[in-house]
Amino acid sequence: MKKVKAFLSIVFAVILLFSIVGCESDKASTQKVNNDTKNAAKDVKTTPFSIWTWLGAVEVWGGKSYDEVLAYQEMKKRTGVDVKYVHPTGDAVEAFNLMMTSGKMEDAIWYNWKPERALQYYNAGRILDIYPLVKQYAPNLYKLIESNKELKKQVVDPDGKMYYMPWITLDKYLNQSEGLALRADWLEKVGSGVPKNNEELYDVLKKMKDQKVSGDKKFVGLTGYSPQIYKLFYGFGVADDWYLEGKKVAYGPASDRYKEALKWYNKLYKEGLLDKDFLTNEGDIYDKHLVDGQSAGFIDNSDSVSRIMKLAADSGNAFSMKPIPYMEYKGKPTSLNSTAKRVAQPYGLAIAATAKNPEGIIKYLDYGFSKEGEELFNWGIKGDTFEEKDGKKIFTDKIMKDPKDVPGLAATKYTNSAWITSTSVEATKAVLDSTGVEARDIWSNVDLSMAFEPILWMTQEENDIINGASTDIATYKDSMRDAFVTGQKDIDKEWDNYIKTLKSMGIENIQKAKQSAYDRYIKK
């Protein structure tokens, strides 16, 4: 369950905008685009091929295969192409590693193709450089890449190679889909107003506990997954990873501001203002704490906020959640979340070097970037899953009034906007309730200037430096961070040795490698 919910956090937290291709005011141009997209499905015919991908949200509503999703059924009807979907059982990471190590791969592989991983498997001869194929067989995607400088820098490396068909993401509004939400009734009861910074948040939580807002139930404070809880580092002007100080690449966990933030977290933890179960990363636990009326709030995506409110209402304990702006740093709501700067997700389909017809696969996948394809994967089928009123698309009751699932999850039975396509902001807004709309509006009003670039292409030498130490450093940093927060280790006594250990593990060499890559990125 933990892995499923973690995936949902990606799916619903990272759903993004792209303006539909081909919308032109000139009547003749519009007619040409319409004619082209009507013929698009006819142009993608190819031999059958296989796609390896995890189920994600499909598993949550009980699906066993992408074949059960309307959009993929419709793709088969429109193109005549028979795609075999292979879904790993058990741990997806282990299944991926085994597949790539053995070389017994499906034709296309959905995964997080971060630059170092993509380069690793390209150099190992496992996946293809698809840019020449994109230029020749994917006119819709190629047009997008060539028309957007940031997109091109993120999906094409400095040597002109491209390693996967991407999920296009072009809007900050939808990239900022996660944030803090507090119990609205408890916030009103303590009368402190909306907290603007970390100290005000501490004061609000302390008042909630002191005033026993949870009644005879134990008050557990803030809850959620630890990676989300640790977004509160941002209020100290630091990230739990890499971030930017102007044009300088900085490692947050080695900074004095990080030390200050750790002391703040430790204060919350000691005083019972931070859920002591947050390190388990078990969604069922934090769901229960929220629904039962023990938790003051959590950090998650807008869909999860609505889901919690529905669960609470269904259990007879209805309450509303109040979306809270990001904590302020230097007077501005600030996020150092690098994913908010993505114009393309690293999630996508790499083409195996063993694929028999890679050009046909590229041609097929490019349909997702046509006008018809974008509509299919974002909205489904007109007259079935969506209709138009006054020139505006809206989802039908099949999605908006699903008897079991909230609209955001129900939509995944028919569509998949987190696929090889451009995700529509209008479609994403269409499944949000009033709380979701409010949350997105509030969370997207944020300063991102200190957030690190989400996708940097490294040289082989830089990759070797980073890969040689990053995992060990991250493991050590995470263990020390959690120990500092929980009080298992004394921050003041252990800090100097902690910094010394990071340096001995090679953090300064990694910083230099990332700085070099960042310098190339901003000059490109």
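Keep in mind the model is a prediction, meaning the values are calculated, not measured. As a basis for the values below, the full set of heavy atoms in this structure was taken, side chains included, without hydrogen atoms, waters or symmetry mates.
- Under the side chain to side chain donor-acceptor pair (under 3.5 Å) criterion, the residue pairs touching residues 236-248 are Asp240-Tyr258, Asp240-Lys477, Asp240-Arg481, Tyr243-Glu245, Tyr243-Arg257, Glu245-Arg257, with sequence neighbours excluded.
- Within 6.0 Å of the NZ atom in Lys332, the count of heavy atoms belonging to other residues, nucleotides or ligands does not exceed 12.
- Of all heavy-atom pairs spanning Gly408 and Asp303, the tightest one is CA-OD1, 3.7 Å.
- Side chains of Tyr225 and Glu282: a donor-acceptor N/O pair is absent below 3.5 angstrom, by distance only.
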Checking Lys500 against Trp495 for the side-chain contact (heavy atoms from CB on, under 4.5 Å) test, could you report, in this order, the C-alpha distance in whole Å, the side-chain angles of both residues, the deciding distance, and whether it holds?
CA-CA 9 Å; Lys500 183 179 179 180; Trp495 185 257; over 6 Å; no
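- Judged purely by atom type and a 3.5 angstrom limit, Ser214 has no side-chain atom pairing as donor or acceptor with the backbone of Gly293.
- Within the 3.5 Å criterion, the main-chain N or O of Met400 finds no donor-acceptor partner in the side chain of Asp397.
- In this structure, the side chains of Asp277 and His289 come closer than 4.5 Å at one or more pairs of heavy atoms.
- A heavy-atom distance below 4.5 Å is not found between the side chains of Ile466 and Asn509.
- Pairing each heavy atom of Ile324 with each of Ile442, the nearest pair is C-CG2, 3.9 Å.
- Looking at Lys231 and Glu178, a side-chain N of the basic residue comes within less than 4.0 Å of a carboxylate O on the acidic one, giving a salt bridge.
- Between Leu119 and Met458, the shortest heavy-atom distance links the atoms CD2-O, 3.9 Å.
- The backbone N or O of Ser306 lies less than 3.5 Å from no partner atom in the side chain of Asp433, so there is not a single donor-acceptor pair.
- The aromatic rings of Tyr230 and Tyr265 sit perpendicular, their planes meeting at an angle over 60°, well past the 30° parallel limit.
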In sequence, state the C-alpha distance, the side-chain angles, and the governing distance for Arg183 and Lys322, and then conclude on side-chain contact (heavy atoms from CB on, under 4.5 Å).
CA-CA 6 Å; Arg183 282 277 298 258; Lys322 173 66 178 174; over 6 Å; no
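- The residues Lys341 and Glu453 are annotated as salt-bridged, a charged nitrogen and a carboxylate oxygen being separated by less than 4.0 angstrom.
- By the 30° and 60° cut-offs, the orientation of the rings of Phe452 relative to Tyr518 is tilted.
- Ring orientation note: the planes of Phe278 and Tyr269 are nearly perpendicular, at an angle over 60° on the 30°/60° scale.
- In summary, the aromatic rings of Trp54 and Tyr111 are positioned with their centroids under 6.0 Å apart.
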Applying side-chain hydrogen bond (donor to acceptor under 3.5 Å, both in side chains), run through Asn301 and Ser304 and close with a yes or a no.
CA-CA 5 Å; Asn301 57 67; Ser304 292; 3.2 Å; yes
What do the steps show when you test Ile491 against Leu262 for side-chain contact (heavy atoms from CB on, under 4.5 Å), and what is the final call?
CA-CA 8 Å; Ile491 298 173; Leu262 287 173; 3.8 Å; yes
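- Here the closest heavy-atom approach between residue Leu274 and residue Ile229 is recorded as CD1-CG2, 3.9 Å.
- The structure places CE of Met327 at 12.0 Å from OG of Ser335, a figure rounded to the nearest 0.5 Å.
- Ring pair Phe386/Trp379 is tilted by interplanar angle, where 30° to 60° counts as tilted.
- Glu200 has its side chain out of reach of Val204: every pair of non-hydrogen atoms, C-beta onward, lies at least 4.5 Å apart.
- Here the side chain of Gln294 pairs no donor or acceptor atom with the backbone of Phe219 at under 3.5 angstrom.
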Leu273 vs Lys206, test: side-chain contact (heavy atoms from CB on, under 4.5 Å). Steps then yes/no.
CA-CA 7 Å; Leu273 308 180; Lys206 192 172 188 309; 4.2 Å; yes
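- A heavy-atom distance below 4.5 Å is found between the side chains of Leu502 and Ile473.
- The distance from atom CG of Asn416 to atom CG of Leu376, rounded to the nearest 0.5 Å, is 10.0 Å.
- Looking at Glu199 and Lys267, a side-chain N of the basic residue comes within less than 4.0 Å of a carboxylate O on the acidic one, giving a salt bridge.
- In summary, Asp447 and Lys330 do not engage in a salt bridge, as defined by a charged side-chain N under 4.0 Å from a carboxylate O.
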Test side-chain hydrogen bond (donor to acceptor under 3.5 Å, both in side chains) on Ser302 and Arg440; report intermediate values, then the result.
CA-CA 7 Å; Ser302 56; Arg440 296 293 183 93; 2.9 Å; yes
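- In this structure, Ile507 CD1 and Asp472 CG are separated by 11.5 Å, a value rounded to the nearest 0.5 Å.
- For Lys189 and Asp185, the salt-bridge test fails: no basic side-chain N is under 4.0 Å from an acidic carboxylate O.
- For the pair Thr415 (side chain) and Ala411 (backbone), a donor-acceptor distance under 3.5 Å is present.
- Lys259 has its side chain within reach of Asp492: a pair of non-hydrogen atoms, C-beta onward, lies under 4.5 Å apart.
- Thr101 places no side-chain N or O within donor-acceptor distance of the main-chain N or O of Leu98, the cut-off being under 3.5 Å.
- Remark: side-chain polar atoms of Ser255 are paired, donor with acceptor, to backbone N or O of Gly252 under 3.5 angstrom.
- The aromatic rings of Phe298 and Tyr286 sit tilted relative to each other, their planes meeting at an angle between 30° and 60°.
- A donor-acceptor pair is defined here as one N or O able to donate and one able to accept, closer than 3.5 Å; no such pair exists between the side chain of Trp167 and the backbone of Ala344.
- At least one donor-acceptor pair under 3.5 Å links the side chain of Tyr498 to the backbone N or O of Pro253.
- Between Trp186 and Phe319 the shortest side-chain heavy-atom distance does not fall below 4.5 Å.
- Classification of the Tyr72-Trp419 ring pair by plane angle, with boundaries at 30° and 60°, yields perpendicular.
- Checked options Tyr85, Trp110, Trp52; the residue passing with Tyr66 is Tyr85 (criterion: ring-ring contact (aromatic ring centres under 6.0 Å, His included)).
- For the atom pair NZ (Lys209) and CG (Leu268), the distance works out to 10.5 Å, reported to the nearest 0.5 Å.
- Considering CZ of Arg307 and CG of Leu290, their distance stands at 9.0 Å, rounded to 0.5 Å.
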Decide side-chain hydrogen bond (donor to acceptor under 3.5 Å, both in side chains) for Lys207 and Ser192; before the verdict, give the C-alpha distance in whole Å, the side-chain angles of both, and the deciding distance to 0.1 Å.
CA-CA 9 Å; Lys207 286 180 180 179; Ser192 298; 3.0 Å; yes
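- Atom CE of Met480 is separated from atom OG1 of Thr475 by 13.5 Å, given to the nearest 0.5 angstrom.
- Side-chain atoms of Asn378 and Ser424 include no donor-acceptor pair closer than 3.5 Å.
- Looking only at distances, no side-chain donor or acceptor of Asp275 sits under 3.5 Å from a matching main-chain atom of Thr223.
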Decide side-chain hydrogen bond (donor to acceptor under 3.5 Å, both in side chains) for Thr339 and Asn337; before the verdict, give the C-alpha distance in whole Å, the side-chain angles of both, and the deciding distance to 0.1 Å.
CA-CA 6 Å; Thr339 61; Asn337 186 358; 2.8 Å; yes
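- One side chain, Gln228 or Asp300, offers a donor N or O that lies under 3.5 Å from an acceptor on the other.
- Side chains of Arg342 and Gln345: a donor on one and an acceptor on the other come within 3.5 Å.
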